[in-house]
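Computed from a predicted structure; not experimentally measured. Starting from 1, each residue takes its place in the sequence as its number.
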Amino acid sequence: MIDLRSDTVTRPTPAMRRAIAEAEVGDDVWGEDPTVRALEEETAGLLGKEAALYVPSGHMANQLGLYVSTRSGEEVWAHEHHHLIGDEQGATAVLARVQPRLFADGTSPTDALLESWIGNRGDIHRAEPALVWLENTFTGRVVPLAEQARVTGFAHRHGLRAHLDGARLWNAATFLGTPPAAVADGFDTVSVCFSKGLGAPVGSALAGDADTVLRARRGRKMLGAGMRQAGVIAAGALYALRHHRERMAEDHERASALAARITELSGLTARAQTNMVLVETPAGEAGRYAEAFARHGVAGLGGGASIRLVVHLEITDRDVEDAARGIAKAVSEL
């Protein structure tokens, strides 16, 4: 089986396993784990922020992003398909206890929509807006930096904060040919993932100014995620950050090649911008097509009218060709 369900399915490389085994550790709750501290400092530096906090998951990083920038009963503006909304079990309402206001089109809210929403500010019947939320990459697409700047500029002009869910920010920076800090620029907080794309076994981080990250650290402890000798897992993330960022361009190239071969061999339309291939299927048929793909040795995720295939560091050129041929066989039998 060629597993293209996600770039989180990777296993530690031999060199990463050695780094994990040899990690220098201490009590991270007391700020004494040198490997965790190195990871946080390097992450903050790459993102152009004062500080960063290592956490077990992107889910937690995002929820802490809400926690540090909102108060109970306030409003966060986000896309209806952002990870925050669809993949975090309603934690937005349960933990931060804020109300999402959602847009459906594009990768960020239009100026007209932003102006209409801010126009409700001060209405005693409505939740007060506090935070604007963006995601980059967003379903494999890279959000242009000018578009991000437009939204964060609006937020700050109106006294709102801005958060970037940058789980695959490293992919966006690679695609754009810019430093990660350029993608994170303008946001008060940024979450990044070390397992998606980079191939580490565990962890994400939340970055921002020092005071914000200190508050997030308290929030992490409140959620029960004080991780004592966490250098054991942070070592994998630190190794990935230092050694796997540059090779992400290979994933992008293979994803583009896979999309082209699927389109050529199967008749389906497939597109890729970063490491994520989206294969278009007839409406409502993605699940059936994904099952057929699996019968021919290709694991993907199907929903609605598309199947997601994610290329990662364990996928080779041979895998790309075999996957495309397997998909072509699957389509021919449907």
Side-chain angles (χ1 to χ4, degrees), residues 47-49 58-59 61-66 68-70 74-88 92 96 98-121 126-193 196-197 204 206-208 252 271-276 278 304 306 308:
L47 297 175
K49 305 301 182 186
H59 182 148
N62 277 343
Q63 291 303 317
L64 289 173
L66 278 176
V68 298
S69 292
T70 64
E74 291 184 326
E75 198 170 69
V76 55
W77 298 348
H79 193 284
E80 65 179 6
H81 294 311
H82 278 163
H83 194 278
L84 173 78
I85 302 302
D87 297 284
E88 297 184 11
T92 301
V98 298
Q99 175 171 294
R101 173 170 282 199
L102 306 179
F103 63 95
D105 298 325
T107 56
S108 61
T110 64
D111 286 338
L113 188 60
L114 290 169
E115 290 290 350
S116 68
W117 283 357
I118 202 68
N120 295 319
R121 197 175 199 176
R126 297 177 179 269
E128 281 289 288
L131 181 64
V132 178
W133 196 277
L134 292 182
E135 192 170 306
N136 202 0
T137 64
F138 182 35
T139 61
R141 293 172 290 174
V142 176
V143 181
L145 301 189
E147 189 173 327
Q148 289 189 162
R150 173 181 61 80
V151 175
T152 59
F154 177 93
H156 293 149
R157 285 195 302 274
H158 292 276
L160 309 181
R161 287 171 66 86
H163 174 86
L164 178 65
D165 179 349
R168 293 187 175 90
L169 176 148
W170 316 113
N171 291 95
T174 298
F175 177 85
L176 293 169
T178 62
V183 185
D185 186 50
F187 291 93
D188 299 286
T189 53
V190 181
S191 62
V192 290
C193 184
K196 291 178 179 176
S204 290
L206 181 73
H252 295 187
R271 56 182 173 83
Q273 198 175 48
T274 54
N275 66 327
M276 192 178 294
L278 296 180
S306 67
R308 188 187 83 165

Study note, to complete from the structure: Value for CG (Leu160) from CD (Glu128), rounded to nearest 0.5 Å, stands at 9.5 Å

Practice item. Any chance you could measure Leu114, atom CG, to Arg150, atom CZ, to the nearest 0.5 Å? Key: 6.5 Å

Practice item. Kindly assign one of parallel, tilted or perpendicular to the pair Phe103 and His79, based on the angle between their ring planes and the thresholds 30° and 60°. Key: perpendicular

Exercise for review: For the pair Asn62 (side chain) and Leu84 (backbone), establish whether a donor and an acceptor sit closer than 3.5 Å, ignoring hydrogens and angles.
Suggested key: no

Exercise for review: Report the distance from atom CD of Gln273 to atom CG of Leu278, rounding to the nearest 0.5 Å.
Suggested key: 10.0 Å

Point to revise | Nearest-0.5 Å distance that lies between atom CG in Leu169 and atom NZ in Lys196 | key: 12.5 Å

Review point. Do the side-chain N and O atoms of Trp133 and Glu135 include a donor-acceptor pair separated by under 3.5 angstrom?
Key: no

Exercise for review: Show your working on side-chain contact (heavy atoms from CB on, under 4.5 Å) between Trp77 and Leu113 and close with a plain yes or no.
Suggested key: CA-CA 11 Å; Trp77 298 348; Leu113 188 60; over 6 Å; no

Review point. OG1/Thr139 to CE/Met276 distance, rounded to the nearest 0.5 angstrom?
Key: 7.0 Å

Check your understanding: Could you go step by step and tell me if Thr178 and Val183 meet the side-chain contact (heavy atoms from CB on, under 4.5 Å) rule?
Key -> CA-CA 8 Å; Thr178 62; Val183 185; 3.9 Å; yes

Revision key, fill the gap. Closest non-hydrogen contact found for Leu47 with Pro180 is CD2-CB, 4.1 Å

Point to revise | Non-hydrogen atoms of Asp165 and His83 that approach each other most closely | key: OD2-CB, 3.7 Å

Exercise for review: Mind running side chain to side chain donor-acceptor pair (under 3.5 Å) on Asp87 and His59 for me, showing each step along the way?
Suggested key: CA-CA 8 Å; Asp87 297 284; His59 182 148; over 6 Å; no

Point to revise | Test item: Asn136 side-chain N/O and Gly166 main-chain N/O as donor-acceptor pair under 3.5 Å | key: no

Practice item. Using a 4.5 Å cut-off on heavy atoms from C-beta on, say whether the side chain of Arg141 contacts that of Arg271. Key: yes

Point to revise | For the student: nearest non-hydrogen atoms of Gly65 and Leu131, plus distance | key: O-CD2, 4.3 Å

Point to revise | Heavy-atom closest contact (Ser108 atom, Leu134 atom, distance) | key: CB-CD2, 3.6 Å

Point to revise | Euclidean distance, Trp170 CH2 relative to Thr137 OG1, rounded to 0.5 Å | key: 13.0 Å

Check your understanding: Going by heavy atoms in the side chains, are Thr70 and His163 under 4.5 Å from each other?
Key -> no

**Study point:** Nearest heavy atoms of Ser191 and Ala61, plus distance in Å
**Key:** CB-CB, 3.7 Å

Practice item. Would you please test Lys49 and Val190 for side-chain contact (heavy atoms from CB on, under 4.5 Å) and show each step? Key: CA-CA 9 Å; Lys49 305 301 182 186; Val190 181; 4.0 Å; yes

Review point. If you take all heavy atoms of Arg161 and Ser69, which pair is closest and at what distance?
Key: NE-OG, 2.7 Å

**Study point:** Check against side-chain contact (heavy atoms from CB on, under 4.5 Å), Thr174 and Thr274
**Key:** CA-CA 8 Å; Thr174 298; Thr274 54; over 6 Å; no

